Amino acid sequence: MSIIQPEIIIQRLSTRSLGRKILLKSETESTNVWAKKAFQEAEPSGTVFLADSQTQGRGRLGRNWYSKPGCGIYCSILVRPRIAVDAYPQLTLAAGVAVAESLRATAKVDATLKWPNDVLLNQKKVSGILCEFAQTQSGDRAAIIGIGINVNHERENFSGELERIATSLKAETQQIHDRNVILAAMIQSLESKLDLLENNSEKILFEEWTQLCGMIGKTVSLMTGKVPVEGTAIGLDEQGKLLLDTTNGQRRAFDCGEVSFDAL
Ligand code: BTN
């Protein structure tokens, strides 16, 4: 069993602002909802909201995030990045790289990325990212970077549809992992990725993302509207949109959608 202890996470950090303040609840509806409320009440940038369980964990596209108590990382980070609002989707890419790097470094697993917000182990989802935009009535803006990581879940914990698509570090490595160590590595890495975006070095971030992405060069199917678009994943464009060479001979950039692909 690993217990989340904010003081241990903070001890391991050498960040300027991310994780300087960490709040922990044993249970909350959703750490993203909690962080959004706290932003309205003037919580500072860099604050991390952690919960040991969520009763209504939120995923992308209105889905739920399975938040088994005591097993996972359910975390939201409030940031006020000095980037244009139309660059906010790049925060999802930054968080993906930070999660993949931290899992590789701490759990020694071969974590890969799937556009736009998934981190995979052996083609199954170990982590998901939900970035949400927040604004006060006076126009103060922030992003809430919500990150869920399946850490010490048993394989049997994933039932129904999750059995096919989800995994955890424990299920893949047969070892219990310390959530404090993973959280500290992830927060530390995320600050450096946000620095890249704020310093107009997003190209470096996109290269790192592409290196970690398991889809590049593969035939993928992207669902954006009602009809799927088939093509080869080429990488990211200069804004972080997904580039596909479609089967009808066009190169197209996409800023949203749901990708599926065969690993082989
Ligand atoms: C997805 O893959 O669809 C995104 C999942 C994001 C889940 C995390 S868990 C912490 C934070 N709070 C939430 O309610 N959601 C995010």
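Both counts, for ligands and for their atoms, begin at 1 and track the order of listing. Since the structure is predicted, the reported quantities are computational estimates derived from the model, not experimental observations.
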Checklist entry - Take atom CD in Q211; do more than 12 heavy atoms of anything else shown fall under 6.0 Å from it? => result no
Checklist outcome for this item: Counting from 1 in the order shown, the ligand 1 atoms closer than 4.0 Å to a non-hydrogen atom of G148 are 7 (C), 8 (C), 9 (S)
Item to check | hydrophobic_cluster_shared for M186 and V97, side chain cutoff 4.5 Å | outcome: yes
Checklist entry - Going by the order shown, which atoms of ligand 1 are within less than 4.0 Å of some heavy atom of W65? => result 2 (O), 5 (C), 7 (C), 9 (S)
Next on the checklist: In terms of relative ring orientation, are F158 and H153 parallel, tilted or perpendicular, with 30° and 60° separating the classes?
Outcome noted: parallel
Item to check | G59 neighbourhood, listing ligand 1 atoms whose heavy-atom distance to it stays under 4.0 Å | outcome: 1 (C), 3 (O), 4 (C), 5 (C)
Checklist entry - Considering only heavy atoms of R58, which atoms of ligand 1 have at least one such atom less than 4.0 Å away? => result 5 (C), 6 (C), 7 (C), 13 (C), 14 (O), 15 (N), 16 (C)
Checklist outcome for this item: Checking heavy atoms under 4.0 Å, the part of R63 that sits near ligand 1 is neither
Checklist outcome for this item: Of all protein heavy atoms, the one nearest atom 3 (O) of ligand 1 is R60 N, 2.6 Å
Checklist entry - Between E258 (side chain) and L222 (backbone), is there a donor-acceptor pair under 3.5 Å? => result no
Item to check | Donor-acceptor side-chain pairing of D140 and Q135 below 3.5 angstrom | outcome: no
Next on the checklist: At less than 4.0 angstrom from any non-hydrogen atom of K125, what atoms of ligand 1 do you find?
Outcome noted: 1 (C), 2 (O), 3 (O)
Checklist entry - Which atoms of ligand 1 are found less than 4.0 Å from any heavy atom of G57? => result 14 (O)
Next on the checklist: If you apply the rule side chain to side chain donor-acceptor pair (under 3.5 Å), what do you find for T167 with E172, and how did you get there?
Outcome noted: CA-CA 7 Å; T167 192; E172 297 298 324; 2.5 Å; yes
Next on the checklist: Please list, in number order, the atoms of ligand 1 under 4.0 Å from a heavy atom of T31.
Outcome noted: 10 (C), 11 (C), 12 (N)
Item to check | ligand 1 to Y74 polar contact by distance, N or O atoms, under 3.5 Å | outcome: no
Item to check | ligand 1 contact on I129 by region, counting heavy-atom pairs under 4.0 Å | outcome: backbone
Checklist entry - Can you list the steps and then say if S76 with N32 is a side chain to side chain donor-acceptor pair (under 3.5 Å)? => result CA-CA 6 Å; S76 298; N32 270 27; 2.5 Å; yes
Checklist entry - Nearest to atom 9 (S) of ligand 1, what protein heavy atom do you find, and at what distance? => result Q54 NE2, 3.4 Å
Checklist entry - Going by distance alone, is a donor N or O of one side chain under 3.5 Å from an acceptor N or O of the other, for S189 and E101? => result yes
Checklist entry - Are T15 and Q188 linked by a side-chain donor-acceptor pair shorter than 3.5 Å? => result no
Next on the checklist: Just to be sure I'm reading this right: ignoring hydrogens, which of L130, I149, N117 gets closest to atom 1 (C) of ligand 1? Compare them by their nearest heavy atoms.
Outcome noted: N117
Item to check | Heteroatom proximity flag, S30 to ligand 1, N/O under 3.5 Å | outcome: yes
Checklist entry - Counting each atom of ligand 1 from 1 as listed, which ones have a heavy atom of C75 under 4.0 Å away? => result 10 (C), 11 (C)
Checklist entry - Would a hydrophobic clustering, with Ile, Leu, Val, Met, Phe, Trp and Tyr connected at side-chain separations under 4.5 Å, put L93 with F254? => result yes
